[in-house]
Protein chains: 2
Amino acid sequence: MQKFIYSFGSGKAEGKTQMKNLLGGKGANLAEMINIDLPVPPGFTITTEACNQFYKSGEKWPAGLEKQVDLGIKRLEKDMGAKFGDNKNPLLVSVRSGAAVSMPGMMDTVLNLGMNPDVINILIDKTGNERFAWDSYRRFIQMFGDVVMGVKHEFFEHELEAVKKKCKVKSDTDLDAGMLQEVVGRYMKIYKKVTKKNFPTDPKTQLKYSIDAVFSSWNNERAIKYRKINDIRGLMGTAVNVQAMVFGNMGDTSGTGVAFTRDPSTGKNVFYGEYLMNAQGEDVVAGIRTPLHIETLKKVNAKVFKQLMDIRKRLEWHYKDMQDFEFTIQEGKLYMLQTRSGKRTAAAALKTAADMVKEKLIDEKTALLRMDPQQLDQLLHPMFDPKAEKAKKPIAKGLPASPGAACGEVVFSAEKAERLATDKKDVILCRIETSPEDIGGMDAAKGILTSRGGMTSHAAVVARGMGKCCVAGAGDIKIDYKTKKFKVGNITVKEGDWISLNGSLGNVYIGKIDTVESTLSGDFTTIMKWADKYRKLGVRTNADTPHDTKVAVKFGAEGIGLCRTEHMFFEGNRIVAFRQMILADDKAGREKALAKLLPIQRKDFEGIFRALKGRPCTVRLLDPPLHEFLPHDAAGQKEMSKVMKISVSKIQDKIESLKEFNPMLGHRGCRLGLIYPEISDMQVQAIIEAALNVSGKGIKVQPEIMIPLVGHYMELKIARERADVVIANVFKQRKKKIAYQIGTMIEVPRAAITADEIAEYADFFSFGTNDLTQMGCGFSRDDAGKFLPEYVSMGIYDYDPFQVLDIAGIGKLIETAVALGRKKNKHLKTGICGEHGGEPKSVNFCHKVGLSYVSCSPYRIPIAKVAAAQAALGK
Amino acid sequence: MQKFIYSFGSGKAEGKTQMKNLLGGKGANLAEMINIDLPVPPGFTITTEACNQFYKSGEKWPAGLEKQVDLGIKRLEKDMGAKFGDNKNPLLVSVRSGAAVSMPGMMDTVLNLGMNPDVINILIDKTGNERFAWDSYRRFIQMFGDVVMGVKHEFFEHELEAVKKKCKVKSDTDLDAGMLQEVVGRYMKIYKKVTKKNFPTDPKTQLKYSIDAVFSSWNNERAIKYRKINDIRGLMGTAVNVQAMVFGNMGDTSGTGVAFTRDPSTGKNVFYGEYLMNAQGEDVVAGIRTPLHIETLKKVNAKVFKQLMDIRKRLEWHYKDMQDFEFTIQEGKLYMLQTRSGKRTAAAALKTAADMVKEKLIDEKTALLRMDPQQLDQLLHPMFDPKAEKAKKPIAKGLPASPGAACGEVVFSAEKAERLATDKKDVILCRIETSPEDIGGMDAAKGILTSRGGMTSHAAVVARGMGKCCVAGAGDIKIDYKTKKFKVGNITVKEGDWISLNGSLGNVYIGKIDTVESTLSGDFTTIMKWADKYRKLGVRTNADTPHDTKVAVKFGAEGIGLCRTEHMFFEGNRIVAFRQMILADDKAGREKALAKLLPIQRKDFEGIFRALKGRPCTVRLLDPPLHEFLPHDAAGQKEMSKVMKISVSKIQDKIESLKEFNPMLGHRGCRLGLIYPEISDMQVQAIIEAALNVSGKGIKVQPEIMIPLVGHYMELKIARERADVVIANVFKQRKKKIAYQIGTMIEVPRAAITADEIAEYADFFSFGTNDLTQMGCGFSRDDAGKFLPEYVSMGIYDYDPFQVLDIAGIGKLIETAVALGRKKNKHLKTGICGEHGGEPKSVNFCHKVGLSYVSCSPYRIPIAKVAAAQAALGK
């Protein structure tokens with residue numbers, strides 16, 4: 001018969017820590033603590049497999065479970081010298097859930113199980129503590145009624161309040177034994193009224209029902225939601241821990257507490273915890289009495305404190321990690337009720353990891369594997385003061401598009417943002433969506449809020465690149481540019497009003513919230529050094545300006561994986577020349593305008609090459625459709641007409657003629673350079689001339705020219721051949737050469753499946769996973785917000801494929817392309833430059849599929865490095 | 001040494017018909033005619049391989065060619081008993097091009113080569129025909145000067161005119177020997193003036209230069225263009241035929257002609273041809289004298305006529321095909337100068353194929369393989385009277401989006417088109433682009449003209465489905481809805497003006513052109529019967545209405561492969577209910593509106609099922625984004641607000657909220673049905689209830705429900721499970737069952753590469769190659785017009801991938817999907833329902849990849865059937 005029950009007690013346990021999947025975290029660690037001789041009340045654990053079978057068979061106990069539970073109880077009775085319902089020494093137990101992954105507070109617990117009218121009298125006799133006995137009984141009825149029978153908690157609370165009012169006492173602790181006896185009477189009536197049944201007096205029946213209830217709580221709504229939010233997958237169910245009760249509420253020599261082996265918020269190696277004397281666990285949490293700092297326990301019970309200090313050390317040495325544990329003191333005797341790996345802030349995670357390696361508790365690899373790479377984001381951006389933020393209620397929620405915190409006055413145009421920023425004002429730029437024209441305003445603003453667009457919308461991508469806080473796609477916010485207001489529910493926010501954004505959570509608040517600047521510790525540097533040591537994947541950055549490049553190099557970027565050239569055309573006066581190029585009637589006109597842009601582009605590239613100090617730089621030739629560069633509003637068109645001395649109607653005609661139904665699939669990428677080769681010519685010339693200029697000053701330059709949006713090998717062949725000619729001309733003219741590479745982005749599905757053909761003309765592939773996801777899955781990233789969140793909740797996609805690479809689909813395209821490409825070109829360099837390059841799961845995939853590097857926005861470099869190291873270490 | 005020269009003459013030839021690739025069509029057939037003992041002047045053919053090597057080595061003769069030409073000339077001289085420049089019997093030759101595929105008039109020819117001042121005198125002596133000699137000389141100088149040395153034709157014409165004027169004669173034939181001698185003198189001067197060289201007198205030099213010129217003419221602009229237009233690919237170059245001259249201009253017993261073994265325009269089995277006595281070949285074409293009908297030759301020279309009738313029969317029996325041949329009579333003796341397979345109209349192609357099978361000349365398979373499937377289109381649509389059309393010049397050209405011809409008054413709105421059509425007026429609907437709202441107007445119009453959009457734009461797809469003439473994407477036409485005018489160049493066309501469209505050519509004309517209705521012959525039926533006999537691929541149709549279904553069944557559709565349900569919502573009043581559904585605030589509101597639509601949809605399906613008479617029907621659930629159903633202009637919105645009793649601003653808000661950046665990749669397809677399952681529920685219920693109703697009346701119904709735009713197997717799983725429940729409920733309620741299938745369109749690249757997962761939930765795959773091409777190649781079909789034509793001319797894509805399936809890319813996705821799908825589901829039915837289903841090359845691919853069927857618009861069924869049969873016969 002299958003074994004469903006694992007006992008622990010009397011100094012030995014059937015389970016151990018490694019059996020977490022079967023026994024749940026709590027059960028496995030209770031057993032483990034027994035194994036290392038810590039004082040744990042005896043009990044047994046019903047396996048998660050039993051829960052799994054419970055669900056499989058339509059919420060029935062699997063065959064054999066009942067018998068095994070009986071045996072478990074018998075063994076427990078023997079261990080305790082007590083018996084269920086015994087008239088001398090009645091056994092009382094707790095019934096607690098415990099899955100393999102901690103889900104605090106999500107599932108159900110029943111304490112003090114085994115009580116009934118007979119037992120209560122014996123308990124009074126035994127303890128001489130009448131109040132304790134009645135209080136325990138009433139807690140049991142309430143928990144059992146609520147958890148097992150679904151009698152609403154508030155019904156019980158209502159009765160408790162009634163008694164308190166009647167007896168004119170204020171707090172629960174003021175209720176004496178008699179009053180609590182009345183509470184019990186009232187509870188029983190409520191129970192019967194709601195359930196139409198008497199409260200069960202037989203402890204075995206109580207137990208059976210309670211186990212059922214814990215099993216069922218695995219699939220209650222909040223547990224399901226919790227698992228989804230915390231991305232907990234693939235578990236079988238919850239284990240159930242049945243354990244002899246110990247009581248912290250047996251008087252002043254009893255108590256209960258929670259402690260961490262180190263400070264979970266700073267990571268400092270100090271004992272950290274709280275406790276309450278004469279209390280049960282729930283009282284510590286409830287906040288009715290203020291718990292005391294653990295250090296003060298030294299005075300209350302020096303022996304127990306010493307014992308705890310010893311346990312603290314033993315737990316860490318045993319588990320090799322910071323532990324979070326619960327204990328109860330019953331009449332001066334210490335019992336351990338739980339231990340688990342302690343949750344910690346990013347700063348604490350870095351410090352404990354670094355410290356533990358110094359202490360030789362763990363090695364570097366373990367330290368790295370224990371990091372949550374995503375958490376590092378916390379360290380790199382300013383954050384709100386947590387208390388100040390907690391006091392506020394968000395007026396809207398959007399996507400956490402770019403982490404950090406920001407407050408400022410609301411503005412609705414990029415131009416206004418720039419103007420106010422010049423006056424040293426803090427502004428939040430609010431747009432329905434942003435476009436490349438808004439770059440200046442985005443740069444000037446403290447934060448960006450959009451009402452439309454997803455995690456890879458323009459606003460999100462650009463903001464992350466700038467390391468600037470952004471909340472995107474806050475759909476409840478209705479922005480009206482005309483009246484310069486936005487509405488959300490009944491709230492109206494005018495231009496100039498203050499709002500605050502939390503880009504890590506996607507929250508929008510009214511008013512100002514104090515922010516705390518982040519600083520990077522030496523521990524951060526240490527961990528990064530280790531990551532660099534173990535990772536196999538290169539980590540580059542997506543950067544378009546010398547400034548971003550410098551930031552990225554500071555964060556440890558090993559080069560630029562994606563330098564977008566389009567943003568360069570918006571700065572200052574150059575947009576005029578660029579628009580002249582677009583509006584030119586013929587090639588000659590375009591060439592004239594491009595000639596003006598050439599020296600500007602060359603200077604851009606020189607700045608970036610210098611900032612890179614010898615690292616390679618992949619420059620993508622112009623990618624977006626030309627209409628993105630023209631003003632779409634009347635005012636903008638009028639201004640443009642004035643500056644450029646052309647009629648507004650000519651501008652409008654051009655805009656109309658460039659209009660596209662699906663610009664994503666329109667005239668962009670290499671399609672621009674093939675139809676208007678003079679544009680690519682100018683860019684290629686600028687790149688190579690800049691490279692020659694900078695390398696002439698003793699700085700190594702490794703230019704890599706990237707042809708975007710190739711779908712057919714002929715596109716790359718033609719573009720490459722032309723670029724080679726342009727470059728040869730520059731070399732000839734300058735009488736100097738430099739090594740360069742030409743490659744392509746693989747972002748069109750057709751390119752991925754014909755990568756062998758393309759590889760013959762490419763020195764490198766860079767996977768543009770944003771577009772590859774858009775075309776491969778058929779999702780417009782700007783529109784998918786209407787259904788993708790639903791899709792994720794329906795379980796169609798596990799994650800938003802724009803956030804976490806869709807490995808089964810888009811990943812397959814990448815794998816295919818890498819395999820086909822390498823078959824034809826052994827020296828092919830491969831990288832990824834989509835937004836996924838800084839997302840740990842995606843980085844892991846990139847490692848596994850054997851890419852040469854990932855490229856991500858500067859602020860994600862540390863995340864990518866740690867994720868890459870973890871992947872190399874086999875995570 | 002490689003053999004470059006193949007001789008023919010003296011009753012034997014080194015070549016034969018099967019050597020077309022090497023000898024070109026003309027050379028191979030000259031040899032073949034010798035082989036079957038027809039009278040052919042001797043000569044030799046220089047191979048296409050020589051031409052190929054000529055280009056490979058930078059326009060130089062390959063090693064050995066010169067020697068072989070010398071040997072060829074020697075053999076020819078021996079055959080003819082004549083010699084180059086001989087003072088008794090000088091050899092004169094023609095030098096003609098001839099590629100493997102006939103390219104009439106595209107490449108160069110030099111006649112009468114070998115003449116010089118000495119030779120002319122001998123010729124006069126020999127023939128006693130001074131005029132003939134000088135005329136031949138002057139023709140030679142002109143051809144050599146023009147073709148070989150690039151002396152402009154008009155320079156020579158100018159001199160000829162001058163002499164005619166001086167001598168006061170009107171036509172060339174009025175010039176006597178003396179006058180022609182003067183012409184020769186003037187020609188020589190012109191020649192020297194332009195070339196700075198004397199005219200070469202050595203026949204060998206003349207020959208060398210002429211061969212060079214023919215080689216070079218392979219890559220002249222018009223030849224390249226011709227090959228592109230006629231899709232001639234993969235040839236090595238042109239062969240060069242050097243052949244002893246025979247003269248049709250040696251007097252009244254000489255002559256020249258062209259004949260067909262059958263009538264090439266009707267296919268009737270009658271001798272068909274024209275000739276002129278005392279003339280050279282070019283005179284027949286030039287139109288100065290009117291050629292005579294071949295039958296009259298019987299009286300002129302009965303012997304030669306009898307010989308021709310005999311040759312006619314022998315050629316057909318030998319070649320098993322209708323032949324088009326050229327002959328010359330020199331002093332009563334017949335010579336054959338060329339034979340080739342005769343070009344014919346679609347009607348003639350059908351008739352000759354059917355007749356030749358009856359005559360046991362060929363078998364059915366050969367007959368089928370000889371058809372040009374695409375040509376069948378000619379038979380199914382009204383056409384302009386060719387002469388009337390030739391007299392007009394198109395004012396604009398667009399894409400030949402849907403074949404046929406139409407004239408009518410210009411209207412600019414669908415609503416106006418419907419109104420005028422009710423008054424029995426012929427209208428042409430002119431739109432920038434069409435949308436589903438325009439369906440009614442498109443149906444009412446005789447033809448459709450759009451200024452934007454490609455071969456698979458909405459207008460094109462719908463028009464083809466209707467069998468209605470359509471010219472799409474005529475970009476030079478600037479339509480202004482406000483003023484109800486369009487401009488093209490300087491021409492302005494107002495509403496009410498007449499225009500004519502040729503949808504087979506993409507031409508737009510001002511005014512009316514007479515049209516000729518097409519009728520289908522018995523031969524058509526015969527060929528279709530044969531196609532049905534040999535093809536392995538099923539042929540279904542794309543049809544959305546009972547009417548289209550009936551047309552398709554008449555054309556032999558074996559079922560519906562794609563029944564789009566969205567068009568159904570535009571008819572009559574149902575759009576109001578549909579819009580109410582879209583505008584509803586909640587599910588209850590949507591369900592209310594859907595309840596109104598249920599009986600209407602059910603009736604739609606009943607009509608289609610009845611028209612199908614037992615054939616299967618794949619119904620696609622709602623696919624387009626909801627905003628396509630809302631009016632986008634102020635007037636439409638106002639009207640809608642009135643009808644629906646909602647404020648205009650609410651309508652505008654909804655339109656705004658549904659707006660998408662890339663609707664192609666937006667909230668459409670199964671994404672609609674998954675987010676608003678009540679829509680799919682209604683459609684599934686309507687389909688199944690209709691099926692039960694119709695099958696209840698004794699007509700078999702095979703409903704196949706198609707879930708569109710699936711990219712992830714979970715989408716299909718959820719949609720399918722829900723549909724199964726809806727269907728089970730209908731069965732339960734109606735106490736009756738019917739077999740049904742549920743499948744999906746494979747149109748998202750991700751679906752293709754994860755087809756194994758999807759196949760577990762699909763009874764069938766239908767490849768939606770329009771969208772698969774859009775997403776796979778990253779081309780918006782509505783926008784790609786801006787660069788795709790350029791892409792095709794640059795040779796990036798061989799064909800517009802929306803017209804001819806991109807086999808290397810999208811084909812690879814299909815192959816992958818079929819293989820993966822069948823691996824998981826052996827019984828998987830596979831089809832294609834994109835526009836490619838009626839295009840011969842794509843149909844061929846579908847056969848090869850093993851699909852179960854293709855589905856195309858009704859008018860393309862015959863094309864698909866013949867293409868499918870050809871594929872099955874190994875084409």
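Please read all numbers here as calculations on a predicted model, not as lab measurements. Chain A is the first sequence line, chain B the second, and so forth, proteins listed ahead of strands; every chain is numbered from 1.
Looking at A:N662, its side chain does come within 3.5 Å of a backbone N or O of B:M664 through a donor-acceptor pair. Judged purely by atom type and a 3.5 angstrom limit, B:K812 has no side-chain atom pairing as donor or acceptor with the backbone of A:T754. A donor-acceptor contact shorter than 3.5 Å links the side chain of A:D783 to the backbone of B:F661.
Contact of the A:K786 side chain with the B:E660 side chain is registered, since non-hydrogen atoms from C-beta on lie closer than 4.5 Å. Between B:R671 and A:F779, some side-chain heavy-atom pair lies under the 4.5 Å cut-off.
The part of A:S657 that comes within reach of chain B is its backbone (N, CA, C, O), which places non-hydrogen atoms under 4.5 angstrom from that chain. With a threshold of 4.5 angstrom between heavy atoms, A:A808 approaches chain B through its backbone and through its side chain. B:D771 does not touch chain A: none of its heavy atoms, backbone or side chain, sits under 4.5 Å away. In this structure, chain B has a heavy atom under 4.5 Å from the side chain of A:E433, while its backbone stays farther away.
In plain terms, the two heavy atoms of B:Y791 and A:L674 that are nearest each other are OH-CD1, 3.2 Å.
Interface check for chain A: of the options B:G669, B:C777, B:G666, B:A784, the most heavy-atom pairs under 4.5 Å are formed by B:C777. Among A:Q774, A:E715, A:E757, the residue making the largest number of heavy-atom pairs under 4.5 Å with chain B is A:E715. No other option in A:L665, A:I675, A:L788 has as many heavy-atom pairs under 4.5 Å with chain B as A:L665. For the options A:K659, A:K717, A:H667, A:R668, heavy-atom pairs under 4.5 Å to chain B are most numerous at A:H667. Chain B forms more heavy-atom pairs under 4.5 Å with one residue of A:L709, A:L672, A:I718 than with any other, namely A:I718. Note on A:G475, A:G711, A:G776, A:A752: by heavy-atom pairs under 4.5 Å with chain B, the leading option is A:G776.
We find the CZ-OH distance between A:R750 and B:Y797 to be 4.0 Å, quoted to the nearest 0.5 Å.
Taking the charged nitrogens against the carboxylate oxygens, A:R452 and B:E656 do have a contact shorter than 4.0 Å, which makes a salt bridge.
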